There are 2 protein chains.
Amino acid sequence: MSTRSEIIRIGDELIRDKGYNAFSFYDIAKALGIKNASIHYHFPTKVALGIAVLDEQMAALEALIEKGVQKEPLDKLKDFFSIYIKIEAEGKICIVGSLASDLHTLDVLLAAKLKEFANRTLEWVTDIVKEGHEKGVFRLSSTPRDKALMIITNMLASLQLTRLTGGQDFNTIKDTIIKELKA
Amino acid sequence: MSTRSEIIRIGDELIRDKGYNAFSFYDIAKALGIKNASIHYHFPTKVALGIAVLDEQMAALEALIEKGVQKEPLDKLKDFFSIYIKIEAEGKICIVGSLASDLHTLDVLLAAKLKEFANRTLEWVTDIVKEGHEKGVFRLSSTPRDKALMIITNMLASLQLTRLTGGQDFNTIKDTIIKELKA
DNA sequence: ATTTGCCTATCTACTACATGGTAGGTACAT
DNA sequence: ATGTACCTACCATGTAGTAGATAGGCAAAT
């Protein structure tokens with residue numbers, strides 16, 4: 001765990017906890033017990049750090065997809081859910097939801113990475129839904145892409161809403177998605 | 001349209017376009033052709049403005065609810081959708097989604113208002129779903145509250161995602177919700 | 001073996017700027 | 001003459017980012 005990777009890790013957590021525009025290099029420096037300027041040694045600009053955070057997330061996503069290629073559709077879907085279960089346990093939100101809110105303030109490079117990440121996620125879930133439908137284990141009343149969008153938006157926003165409505169809303173949503181999907 | 005209400009209107013737009021932490025009093029002053037300090041005359045602090053924005057949204061919500069009390073459940077639901085249709089046309093996101101992302105940076109008073117607003121919305125949609133189910137026009141495979149949560153999260157996040165995935169995703173999601181609901 | 005020199009990672013100290021907020025004044029209408 | 005709505009001018013703070021110094025490690029050249 002190099003300083004560089006620690007900076008990325010903390011930057012990621014801060015984005016998902018407070019939002020891109022609400023965290024500063026000082027927040028990271030303080031957490032690591034180093035000085036503000038040392039962050040700039042590893043990442044010349046805040047945008048560079050943001051891009052590194054997204055690159056890391058993208059790599060993790062690809063790894064998760066790769067790990068599950070041979071699994072059954074329902075288990076693939078559970079892999080997808082596992083991302084949000086972890087985030088929910090942290091009391092944070094997902095990086096797409098966080099950065100999407102700040103979209104119109106983001107550097108064009110960062111915005112492009114974000115779009116790439118969101119579309120890759122959508123592509124993955126669409127494939128899962130499609131496969132499940134073709135194998136006859138998922139019941140669909142719309143196109144795979146539509147259903148994937150519904151599932152992703154349910155997950156993404158339930159992380160944001162659960163922090164407002166309190167309770168177990170995140171978990172009931174997750175369970176209802178599976179229940180409604182099962183053929 | 002007093003200056004005060006104009007400030008609220010622009011503040012609201014800025015929050016839903018750039019996020020609470022990314023807009024400044026200067027943005028509003030510039031838009032109105034007045035000076036920074038004049039905003040402080042109407043709203044002593046940024047938090048006070050944020051609260052006024054939420055109060056206004058809450059009043060609009062109550063008015064929309066009131067206007068539709070005698071409508072059929074499906075039409076009530078369409079009233080609910082109309083909120084998001086308008087926002088989508090603006091290329092912005094909803095205020096709950098925007099502020100929820102910034103939750104951990106918000107003043108405690110503002111956070112409380114936000115929770116109130118989110119819960120009032122959830123209550124309304126839950127009632128609509130429940131009524132539709134009781135009247136036999138909506139088909140449910142979960143509790144009214146669960147279904148309401150699914151619908152709200154679909155809407156909330158599709159505004160955020162549509163800005164990333166481009167196309168007509170918002171509209172297809174909206175149509176699919178209605179299709180899946182109809183008994 | 002020691003020197004030379006570069007690379008890494010950090011530091012102190014600084015700049016330029018934007019921010020939210022304040023103080024006090026002015027023009028004007030009721 | 002009192003309140004409204006705005007102004008100019010200012011302040012304190014926090015921000016991203018820069019410049020230049022230091023200290024240690026490593027490796028090739030002397």
Side-chain angles (χ1 to χ4, degrees), chain A residues 1-54 56 98-99 101-111 113-114, chain B residues 1-54 56 98-99 101-111 113-114:
Chain A
M1 43 155 197
S2 61
T3 301
R4 187 192 147 88
S5 64
E6 286 285 277
I7 293 171
I8 293 177
R9 203 202 79 232
I10 294 170
D12 176 84
E13 281 180 12
L14 284 167
I15 290 174
R16 290 183 300 104
D17 188 49
K18 306 170 63 177
Y20 183 79
N21 290 309
F23 89 91
S24 75
F25 275 31
Y26 178 68
D27 293 325
I28 298 175
K30 195 174 50 182
L32 288 178
I34 60 179
K35 296 296 163 181
N36 206 311
S38 304
I39 315 287
H40 281 284
Y41 169 75
H42 297 279
F43 301 97
T45 65
K46 196 178 180 181
V47 171
L49 172 57
I51 287 173
V53 166
L54 272 182
E56 190 94 351
S98 177
L99 291 179
S101 299
D102 300 330
L103 184 64
H104 290 343
T105 74
L106 298 182
D107 180 275
V108 58
L109 270 167
L110 201 48
K113 282 266 177 204
L114 175 62
Chain B
M1 45 160 195
S2 62
T3 302
R4 186 193 147 89
S5 65
E6 285 286 274
I7 293 170
I8 293 176
R9 202 203 81 231
I10 295 170
D12 176 84
E13 280 180 13
L14 284 167
I15 290 173
R16 292 183 298 103
D17 188 51
K18 305 169 64 177
Y20 183 80
N21 291 309
F23 89 91
S24 75
F25 275 30
Y26 177 67
D27 293 327
I28 298 176
K30 195 174 49 181
L32 287 178
I34 60 177
K35 298 295 164 180
N36 206 308
S38 304
I39 315 288
H40 283 283
Y41 169 76
H42 297 279
F43 302 97
T45 65
K46 194 178 182 182
V47 171
L49 172 56
I51 287 173
V53 166
L54 272 181
E56 189 94 350
S98 177
L99 291 178
S101 299
D102 299 330
L103 184 65
H104 291 343
T105 74
L106 298 183
D107 180 274
V108 60
L109 270 168
L110 201 48
K113 282 267 177 201
L114 176 62

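Chain letters run A, B, ... following the sequence lines, proteins first and then strands; every chain starts at 1. Keep in mind that this is a model prediction, so the values were computed, not measured.
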Rounded to whole angstrom units, what separation is found between the [atom1] atom of [X] and the [atom2] atom of [N]?
X	N	atom1	atom2	result
B/Tyr26	D/dT15	OH	P	22 Å
A/Glu6	C/dT10	CD	P	11 Å
A/Lys46	D/dG14	NZ	P	15 Å
B/Asp107	C/dG20	CG	P	14 Å
A/His40	C/dT12	NE2	P	15 Å

Touch class at under 4.0 angstrom, heavy-atom based, for A/Phe43 against every strand present: nothing
Rounded at 0.5 Å granularity, tell me how far [atom1] in [X] sits from [atom2] in [Y].
X	Y	atom1	atom2	result
B/Asp102	A/Ser98	CG	OG	7.5 Å
A/Ile34	A/Thr3	CD1	OG1	6.0 Å
B/Lys35	B/His40	NZ	NE2	14.0 Å

So which protein nitrogen or oxygen atoms get under 3.5 Å of nucleotides 2-8 of chain D's nitrogens or oxygens?
from: D/dC6; atom 1: OP1; to: B/Thr3; atom 2: OG1; distance (Å): 3.0
from: D/dC6; atom 1: OP2; to: B/His42; atom 2: NE2; distance (Å): 2.7
from: D/dC7; atom 1: OP2; to: B/Lys35; atom 2: N; distance (Å): 2.7
from: D/dC7; atom 1: OP2; to: B/Ser38; atom 2: OG; distance (Å): 2.4

Donor-acceptor under 3.5 Å (B/Lys46 side chain, B/Tyr20 main chain): yes
Presence of A/Ser24 side-chain N/O under 4.0 Å of D/dG14 phosphate oxygens OP1/OP2: no
Those residues of residues 13-22 of chain A lying under 4.0 Å from DNA chain C by at least one heavy atom: none
